[in-house]
Amino acid sequence: MEYREAIEAFAPRNGEEAADRAAALDCIAHYGEEVLWRNPIAHLTASAFVLNPKRNKALMLRHNLLGKWAWPGGHADGDTDLAATALREAREETGAEGFAFLSLHMVSLEVLPVPTHWRRGVYVSNHLHLNASYLLALGEDAPLSIKPDANQALAWFPRSAFNLTNFSPEDVKLYNNLFERAPELE
């Protein structure tokens with residue numbers, strides 16, 4: 001599904017999600033396909049919230065740039081299929097194979113502020129990530145390997161670990177929201 005169609009099809013569940021969807025669509029209307037590429041204002045990213053088959057744990061990585069535990073994800077970099085971007089990033093950042101989509105539709109859409117930083121010796125100004133989140137499943141026994149330029153560790157976190165002791169209030173809200181959107185086990 002093409003990025004614009006995927007965002008238009010996303011059904012917000014509250015006012016915050018409706019505002020983020022409207023902001024993403026406004027950026028697309030204003031910047032066109034420039035949102036598919038890294039630019040200094042706003043661009044599309046996609047993330048994979050990877051759950052174990054029981055859906056009671058999530059695979060997280062210790063993000064080098066952010067210095068915190070996060071879900072796999074990255075820039076569209078021209079790819080118009082955000083689900084494919086989420087899968088590509090999950091594979092690249094975890095070294096794992098065998099992912100299965102729990103849904104081919106995005107389950108969350110976030111407008112995430114990115115603070116100024118240096119990346120590979122280049123200054124990057126404040127900008128926004130228009131992030132589409134997808135749910136994927138992976139067996140806990142799948143071989144994993146870090147991607148040294150992106151992360152320094154990988155770990156399965158039980159759902160109970162997504163609390164204020166381990167994550168910021170924003171991340172607790174985001175990750176618990178993603179757990180809640182996982183389809184029920186049959």
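In this text the structure is predicted, and so the values were computed from the model without any measurement.
Between Asp149 and Asn64, every side-chain heavy-atom pair lies at or beyond the 4.5 Å cut-off. Leu87 has its side chain out of reach of Tyr134: every pair of non-hydrogen atoms, C-beta onward, lies at least 4.5 Å apart. Within the 4.5 Å cutoff, side-chain heavy atoms of Arg119 are placed close to those of Arg38. In this structure, His75 and Glu89 have side chains that are not in contact, with every pair of non-hydrogen atoms separated by 4.5 Å or more. Here the side chains of Ile28 and Ile7 are in contact, with some heavy-atom distance below 4.5 Å. Using a 4.5 Å cut-off on side-chain heavy atoms (C-beta onward), Val111 and Leu130 make contact. Side-chain contact between Trp156 and Asn56: absent, with no pair of heavy atoms (C-beta onward) separated by less than 4.5 Å.
Shown here for Pro53 and Gly139, the closest heavy-atom pair between the two residues is CD-CA, 3.9 Å. Listed here is the closest heavy atom pair of Ala90 and Pro72: CA-CB, 4.0 Å. Heavy-atom minimum distance, Leu109 versus Ala24: CD2-CB, 4.2 Å. When all heavy atoms of Ser47 and Asn131 are compared, the pair lying nearest together is OG-OD1, 3.1 Å. Residue Ala86 comes nearest to Ala46 through the heavy atom pair N-CB, 3.7 Å, listed as atom of the first residue, atom of the second, then distance. Heavy atoms only, all atoms of each residue included: Leu25 and Glu8 are closest at CD2-CG, 3.8 Å.
Considering CG of Leu128 and NE2 of His43, their distance stands at 9.0 Å, rounded to 0.5 Å. Taken from CZ in Phe10 to CG in Asp20, the straight-line distance is 8.5 Å, to the nearest 0.5 Å. Going from atom CG of Leu144 over to atom CG of Leu138 covers 6.5 Å, rounded to the nearest 0.5 Å. Rounding to the nearest 0.5 Å gives a distance of 7.5 Å between CG of Asp81 and CD of Glu2. In this structure, NZ in Lys147 is found 14.5 Å from CD in Gln152, a value given to the nearest 0.5 Å. Atom CZ of residue Arg181 and atom OG of residue Ser103 lie 11.5 Å apart, to the nearest 0.5 angstrom.
In terms of modelled atom types and a separation under 3.5 Å, the side chain of Asn39 and the main chain of Ala42 share a donor-acceptor contact. Listed for the Asn126 side chain is a donor-acceptor partner under 3.5 Å among the backbone atoms of Thr116. Between the side chain of His127 and the main chain of Ser125, a donor-acceptor pair closer than 3.5 Å is present. Between the side chain of Arg91 and the backbone N or O of Glu97 there is no donor-acceptor pair closer than 3.5 Å.
Residue Phe167 belongs to a hydrophobic cluster whose other members are Phe49, Leu51, Met60, Trp69, Trp71, Leu102, Val107, Leu112, Leu135, Phe157, Phe162, Leu164, Val172, Leu174, Tyr175, Leu178, Phe179, with links defined by side-chain heavy atoms closer than 4.5 Å.
Cluster membership for Trp37 and Ile41, using ILVMFWY side-chain heavy atoms within less than 4.5 angstrom, is shared. Linking Ile, Leu, Val, Met, Phe, Trp and Tyr whenever their side-chain heavy atoms come within less than 4.5 Å puts Tyr3 and Leu104 in one cluster.
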Evaluation steps, side-chain contact (heavy atoms from CB on, under 4.5 Å), between Asn177 and Glu17
CA-CA 11 Å; Asn177 177 52; Glu17 290 181 355; 3.7 Å; yes

Could you walk me through whether Phe99 and Thr94 pass the side-chain contact (heavy atoms from CB on, under 4.5 Å) test, one step at a time? CA-CA 11 Å; Phe99 291 99; Thr94 68; 3.5 Å; yes

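Within the structure, the salt bridge (Lys or Arg N to Asp or Glu O under 4.0 Å) test picks out the following pairs touching residues 60-71 (sequence neighbours left out): Lys68-Asp171.
The neighbour count for His105 NE2, taken as heavy atoms of other residues, nucleotides or ligands under 6.0 Å away, does not exceed 12.
The residue from Lys57, Lys54, Arg55 that alone fulfils the salt bridge (charged side-chain N to carboxylate O under 4.0 Å, His left out) condition with Glu140 is Lys57.
In this view, Thr165 and Asn163 satisfy the side-chain contact (heavy atoms from CB on, under 4.5 Å) rule, not counting sequence neighbours.
Using a 4.0 Å cut-off between charged nitrogen and carboxylate oxygen, Glu180 and Arg13 do not count as a salt-bridge pair.
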